[in-house]
Protein chains: 6
Amino acid sequence: MINFKIGIIGAGGIATGRHIPAFKEIEGVSVYGVFDVNHVRAKEVAATFSIEFVAESEEQLLRHVDAVVICTPNKFHHQSVMKALDAGKHVFCEKPMAIASHEAIEMEEAAKKAEKVLQIGYHYRFKKESLAAKKAIVAGSIGDPLVVRVEAMRRRKVPGWGVFTNKDIQGGGCLMDYGCHLLDLALWLMDYPEIELVEGQTYEMVSRDPDQVNEWGIYDATTIDVEDHATAFIKFKNGATMLFETSWAANVPSDKESLSISGTKGGISVFPYALNKAEQGIMTTTVADWISGEENEGLAQARHFISSCLEGREPLVKPNEAKIVTAVIEQIYQKSN
Amino acid sequence: MINFKIGIIGAGGIATGRHIPAFKEIEGVSVYGVFDVNHVRAKEVAATFSIEFVAESEEQLLRHVDAVVICTPNKFHHQSVMKALDAGKHVFCEKPMAIASHEAIEMEEAAKKAEKVLQIGYHYRFKKESLAAKKAIVAGSIGDPLVVRVEAMRRRKVPGWGVFTNKDIQGGGCLMDYGCHLLDLALWLMDYPEIELVEGQTYEMVSRDPDQVNEWGIYDATTIDVEDHATAFIKFKNGATMLFETSWAANVPSDKESLSISGTKGGISVFPYALNKAEQGIMTTTVADWISGEENEGLAQARHFISSCLEGREPLVKPNEAKIVTAVIEQIYQKSN
Amino acid sequence: MINFKIGIIGAGGIATGRHIPAFKEIEGVSVYGVFDVNHVRAKEVAATFSIEFVAESEEQLLRHVDAVVICTPNKFHHQSVMKALDAGKHVFCEKPMAIASHEAIEMEEAAKKAEKVLQIGYHYRFKKESLAAKKAIVAGSIGDPLVVRVEAMRRRKVPGWGVFTNKDIQGGGCLMDYGCHLLDLALWLMDYPEIELVEGQTYEMVSRDPDQVNEWGIYDATTIDVEDHATAFIKFKNGATMLFETSWAANVPSDKESLSISGTKGGISVFPYALNKAEQGIMTTTVADWISGEENEGLAQARHFISSCLEGREPLVKPNEAKIVTAVIEQIYQKSN
Amino acid sequence: MINFKIGIIGAGGIATGRHIPAFKEIEGVSVYGVFDVNHVRAKEVAATFSIEFVAESEEQLLRHVDAVVICTPNKFHHQSVMKALDAGKHVFCEKPMAIASHEAIEMEEAAKKAEKVLQIGYHYRFKKESLAAKKAIVAGSIGDPLVVRVEAMRRRKVPGWGVFTNKDIQGGGCLMDYGCHLLDLALWLMDYPEIELVEGQTYEMVSRDPDQVNEWGIYDATTIDVEDHATAFIKFKNGATMLFETSWAANVPSDKESLSISGTKGGISVFPYALNKAEQGIMTTTVADWISGEENEGLAQARHFISSCLEGREPLVKPNEAKIVTAVIEQIYQKSN
Amino acid sequence: MINFKIGIIGAGGIATGRHIPAFKEIEGVSVYGVFDVNHVRAKEVAATFSIEFVAESEEQLLRHVDAVVICTPNKFHHQSVMKALDAGKHVFCEKPMAIASHEAIEMEEAAKKAEKVLQIGYHYRFKKESLAAKKAIVAGSIGDPLVVRVEAMRRRKVPGWGVFTNKDIQGGGCLMDYGCHLLDLALWLMDYPEIELVEGQTYEMVSRDPDQVNEWGIYDATTIDVEDHATAFIKFKNGATMLFETSWAANVPSDKESLSISGTKGGISVFPYALNKAEQGIMTTTVADWISGEENEGLAQARHFISSCLEGREPLVKPNEAKIVTAVIEQIYQKSN
Amino acid sequence: MINFKIGIIGAGGIATGRHIPAFKEIEGVSVYGVFDVNHVRAKEVAATFSIEFVAESEEQLLRHVDAVVICTPNKFHHQSVMKALDAGKHVFCEKPMAIASHEAIEMEEAAKKAEKVLQIGYHYRFKKESLAAKKAIVAGSIGDPLVVRVEAMRRRKVPGWGVFTNKDIQGGGCLMDYGCHLLDLALWLMDYPEIELVEGQTYEMVSRDPDQVNEWGIYDATTIDVEDHATAFIKFKNGATMLFETSWAANVPSDKESLSISGTKGGISVFPYALNKAEQGIMTTTVADWISGEENEGLAQARHFISSCLEGREPLVKPNEAKIVTAVIEQIYQKSN
């Protein structure tokens, strides 16, 4: 029986809410150690989850584990990943890969050089609907994608905890934190075609209202300095286009998380899964009544990381894809007035 | 009692289906004459609708009427409008104003010089929901528009009659014929802000399938040479953006005709009319249970044209707005791969 | 231009409501003559539908037409068809083919010998959903049919007109008149497999209540002598089974007209069309949003008859199939207590 | 205060999931002892449920209790029941009563001779809807039953645990395990009328697919040797008929558990409870908004067994009824190709 | 074959829209003559409906007919009815019977003395749901009525035609014109129990807004002098109470026309028909899926009048009931502030 | 940090289910002591909720706390409140304030004299929808209230525990216990206008049936002596009227808890929150998609009481309002036959 040791770097909500429970559930894997700049927090988390070792530094942690899971704020992804790869460890890094495109490029190269797994936490790909949609598209159900529509919209859900509204630490708002998931998923379903141009615009106005109605706790409307809404248009060299919109605080009637693609042979919607066709005289819609597989996409993602490490296989979410997400986001910010 | 005489130029389906019945219903107005290059057709239409005079030429018709309604294919809008204005007549011209931007500019100038009404047939503005939305926006309900979304989507409804699939005569397909309505409506609701850039792409693939499933009759899949689908992204100088999509033949689950705007103070959907707000601790949606006004937008449009002529008032759908629709469409075609 | 002359035998509701209008709509076909034992009725129908010739006898009518449409009560189908085939005419005969199995066998042989078309009026096959289901089954969508379920159920709709409740003239009630359609459709979709056994039971009780609630007019509860409800179970030599139920007057919550098949690879429902599958990890349901083809199944059936006659082609609803429907019904009656 | 001692024979899932918790909840009753051929399992269960006595043999257990609950695989029901009755104990035996009809007959006779309660676990009768339907039928609401329809259909739910797919031990598949419940319920609601004939067919094909989609865990598609689907038709001497279908793995759009009866005076559906009538000029549907009684049918069943034992009353689910269920199932297997 | 001659007094909308077509449809009845103070109107109506005789006066009309239908404004009901009874004619009088209670009393006495039928036009009683509810109540389904709720509510439907908003001529607004129907129906379903007290209040405010949104045409908000809304509470000597509300222009979310009764044994709702019970351990709701009878209540009412006249039978809507409706309305007006 | 000590008087279900948990959740507040005439019950409750002090008498408890929460049966509210105020303590008293109007008047005066908070437990006011409705009404959304409708209806939910069915101890049934909440809420939303008259009637019949179907446990149908249903009509001096109905056991199709108001400018429904308007040519309905604030109205009420005590502020639910509720209920009882 394998004993594959995982170290956690950054003991915040994403570590305790998603990754630690997931890795603990996998046979042959132990969450061995944890490091956080807030040592008290690290110790509490270790106690809660029966983690053996509370490290004094990332370096110390790296000496005792086979792989690390990077759960720090976005700004620190780059440095932690570089250190871990340099120490010859496999790395699972939360999304986004990095704030800046040039950091992502360095990280990708470091992974290649280290010959280690570097998997980015775009877990939307591990949802059952996403995997089913990918399978259908690969099987040719929709032909070539022509038009992709992404809506990652929350009406009034600015995160009222953590550092989400701090641009310096997180690099951005809804686009960097939430829209990135759907952007990666859309690009993956399209097979990451070459991009011709990116146009876009970010917005900041709605969330600055001091009397903000907000469903996800209370944030400081006077200090928030990240975008609350963004639109984009991506044109690909193969002629496909993507209409993209994401928000944390939009004047829309309800939250909406949708991704649909119209192709040459059919169309697909991912959430919920539905396929439309028009052939042999019939227009049809096919819905999924039940999809087999792991319900918990965080667990599926963790299992995938472990098997990639053990089998020396490239992970599903690859550095050279995740870096493109970062590059697109970077361009949207640059193009904004 | 006034007797305002209308002449019809082009006796096709739009004349018989919409304009002749509408103008005939207005008190004090008579549909006096008709001209069509197909004289037999003109005579039949005259008989059906009890129209007194069947003209031998546009020039002849112009001598006997107070205003003309131009219902010719798109290619001929420019020449007919120029002749009519030159003859000192008021003109109602079906949409689009013209195929080419430079034609539209000339038409606008001619109208100004002639000091006559030139109204373009963007009748979506006369729908009750459109008028209600405009009123709400003018009253400040949504604040400043930030993001506008337009979907003018038909699943499989390529027109199987007329000259709709002929690029030379019509200038384009779904964008020129159908999407233009929603584009004008969206720009009008936004108060026609200055455009910074237009990006877009047209598609032609789906409608070329020889075994096409099509709900609106049969067209020749080997000769159709217009686009069946288009996407666009428009950025405005005030920072607003529009996500736009239109189609006659898309792989989508159903037809969808929607226009929604998220602004700084609220959001609005036009079809059906619904307003969303988030203020004073409550997120609300307001729907219209009933809207007063004329149910038949074609009739409302006709009445508006007549009163504009009689009162010497600028019409709701102005040349300097309609020319912008034509310019945007022109740019989408130019930007397409 | 062809002039194919049709003669109508029996000028009742099925002739005036379905067949005469349908055949009149087909180019190249004329409904030339009509015969009815009630000569006054025949003349009225001829006047209403501008039918040229009112015959004094079937024999006289047969001399002037290319084909006849038999719309007499069930009891008379056999004799009229035999006469017409003997006279060398194509024959369209309303369902059921005959009351007794031995009659149907004679009719099939007569058609073969005469080398003429004999099409039976099971028009449910010409519904768009039926044709789409047949196409899907032939394409292998459901594999081999295992279980077929038929429900042709009306809650309280005993026909309050015509001779429907008279056993001598019609041969039976709901099974003979209504259930036969779905029975034929089910057998056709299964490709008329060889039957191993038929079990069944008819009922007569509910419709004999003198205070009957009935949606389709008033009938005489003291003289009705046909069944109002029937159940059956058919086992086929290939192991498939059919669960069958039909009624005119059942204590059920609502009318229900359904036909579904579970096969080795998938399942299908015909009204409305829906296909279910469970493969590659997904259970799906596919519905038809729109099916191309003729909306009016009576017209589609008539067109099919004409083209079968003109092209010397065997019709879709063949005598050797329709005779099996009659044989199954006969057995259900025989097996009933 | 009574102390009525229960012994459990067979400590599998049905014992721990249903019977032990139910009997423990009844005042005056103790679950005193348990026996299982797997002694380790028996000890674990005893520990979990604080059961005092873990027997070495059925005989030993029988010496210490007032009644036993037989929860062994179907094959062993007969021998355990015979032993217990022979020892003069009351017996609750899980359904089906036995695999073979002749065993059931012996068991019934043994119970009669021993003058002890022998109740079979057809707990569907104790559902609130079932009891309400029985009450309505007894009160004459539907008159005499004419047609009964049973659908006990699961789309893809072959049990992936236990011995359910082993024919030798269980005697059959969906029919023996699941369909039997609805069959008993239907017969009971009809008042167990005399049977004239049984026709039927079992199927095995769908569940043999090695890539089976299955919602209830994983089973071995290469060793399963029980039916996954069955249809049947039962004709009763009073003229009533039953259309019956059950499945564990059918190509149907969704699971369906329904039982409906059309009678001479009305119709009833059990799940959910609904009654239809057509009298005095009105067709009505009556639904149950709320039914009083015990929500947990397992507990209701256990209480009923205890009170039957204590009051020396014949239980609701009698041996002479349960043996008919076994006989019908036996005939369906015999009639299958 | 009878020839029963009807004369129409008052040729307005209620005569042409309801009564003339209804009486014309009845075999053996002719609408022989018409009188209107506006003679031109009378002649037009006579032409439209092929009415033989246009009278110069009521007196003249009365000389030629067997019965009259009074369709004049409310103010004139009394005098026309008195004249007709005095002339020995049967009378059908539109609702309300009269504006003032003392008039109604005189009319009732006149009818008694003349021994003629005097039927008032409360046609809501002839709706199929009303008749079914009455039948159910008479059969004891709900026991004794305890609480009755009436809502005859229109959101914004002040009649924009006729004299409906003129208090002098009509005697009142929504209560006199619309609420009276439901009030009569409720009292009839309760079997017109003796009244102990009436409390109530009328309102006039909403309809006076000069920018009124109104679905039923345009009325003059400066001259309307009738109530637009009323509430009332009626207590009966048997302890029952009625909660009553009616409106033409209320700030409510939608129109609502409902009448429900809770009794000692059950409850009933009339529109749509639904019966609730709670007995024998079950709470049930029974809905009517279909009710037999005449769909057109105006025709049913007319047939009933004719048969009452011919058979010398007291009509369903009796003077001594209708006078109570008038008395209740009178009291509500008196009690209003 | 404040330590505000609460004493509980009456340790029944309302204390343990609502108030103790609520006050325990508030920072700076301790539930210090408890008194109940049943000392054993008091000790158990103290143990369960870790309450330090179990008093021997109300007087003893009053010596150790800052405020008391009165949770005794209605009959004892008066004496306990008087004692507590006399002892100079703040008082939270469960609704209704008192059984008799004269008691309530004394209590109000005592509170004024003591200069202490006396808050009555009409917690419906603290529901989010109630607070939102109040805010909207205060902002003028509906103008002046004209008609108020209250339905506090339970179909079959007579409380089967406690002393709810005992008139001597509780003073009444559904009106005193349940309807009072909605009555207070309605009056508060109307801003407690001056009452002109109250009419009403109580009922007792339905709950006396010995075979009562009841969802909330079992009560003794032979001893219940409180009303199970009541109707009322309240007219206010400003012309507004209220239609009121409440029940524990009514023959209605389902429970219904609704409060709606039609005003001069709009209408409002509280449960769920919805606002209707008709202005500027549009009839609209506005629903609340999400309302901010405390979900648990019991906690909101407790927090409000504490802050009122600490800030010396008059509470939201004032004695001079609650006494009016008691007076109205008293009048309904007096007016009943």
Side-chain angles (χ1 to χ4, degrees), chain D residues 124-143 185 188-189 258-297 299-301 303-304 307 316, chain E residues 124-143 185 188-189 258-297 299-301 303-304 307 316:
Chain D
Y124 269 59
R125 292 204 202 175
F126 291 92
K127 287 174 181 271
K128 288 164 61 168
E129 295 92 338
S130 303
L131 294 166
K134 182 69 179 176
K135 202 188 295 185
I137 292 170
V138 167
S141 294
I142 65 164
L185 181 55
W188 176 58
L189 292 176
S258 81
L259 194 175
S260 70
I261 307 179
S262 290
T264 50
K265 299 286 179 199
I268 201 162
S269 164
V270 184
F271 308 116
Y273 178 93
L275 186 68
N276 64 78
K277 306 280 283 183
E279 57 188 21
Q280 299 205 295
I282 311 185
M283 296 193 208
T284 56
T285 296
T286 299
V287 298
D289 302 319
W290 189 79
I291 305 174
S292 63
E294 175 56 54
E295 288 289 341
N296 176 349
E297 64 262 28
L299 178 53
Q301 173 183 249
R303 283 193 202 285
H304 179 82
S307 65
L316 187 72
Chain E
Y124 270 59
R125 294 203 199 176
F126 291 92
K127 287 175 181 268
K128 287 163 62 169
E129 297 91 338
S130 303
L131 293 166
K134 182 68 179 177
K135 203 190 292 187
I137 292 170
V138 166
S141 293
I142 65 163
L185 180 56
W188 176 58
L189 292 177
S258 81
L259 194 174
S260 70
I261 307 178
S262 290
T264 50
K265 299 285 178 199
I268 202 161
S269 164
V270 184
F271 309 117
Y273 179 93
L275 186 68
N276 66 77
K277 306 280 284 182
E279 57 188 21
Q280 297 205 296
I282 312 185
M283 296 193 209
T284 56
T285 297
T286 298
V287 298
D289 302 319
W290 190 78
I291 305 174
S292 61
E294 175 56 55
E295 288 290 340
N296 176 349
E297 65 262 29
L299 178 53
Q301 172 183 250
R303 284 193 202 285
H304 178 83
S307 65
L316 187 72

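Order of the sequence lines sets the chain letters (A, B, ...), proteins ahead of strands, with each chain counted from 1. Remember, predicted model here, so these are calculated numbers, not experimental data.
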Exercise. So does E294(D) pair up with K128(D), basic N to acidic O under 4.0 Å?
Worked result: no

Seminar exercise, completed: chain E shares the most heavy-atom pairs under 4.5 Å, among N276(D), V287(D), L131(D), with V287(D)

Exercise. Has K265(D) got more than 12 heavy atoms of other residues, nucleotides or ligands less than 6.0 Å from its NZ?
Worked result: no

Seminar exercise, completed: Interface check, chain D: of D289(E), L275(E), I282(E), most non-hydrogen pairs under 4.5 Å belong to D289(E)

For this session: Hey, can you tell me if Y124(E) and F271(E) have their rings parallel, tilted or perpendicular (30° and 60° cut-offs)?
Result: perpendicular

Problem set entry | Proximal component of K135(D), with respect to chain E [non-hydrogen, under 4.5 Å] | side chain

For this session: Apply side chain to side chain donor-acceptor pair (under 3.5 Å) to T286(D) and T286(E), showing your working.
Result: CA-CA 4 Å; T286(D) 299; T286(E) 298; 2.6 Å; yes

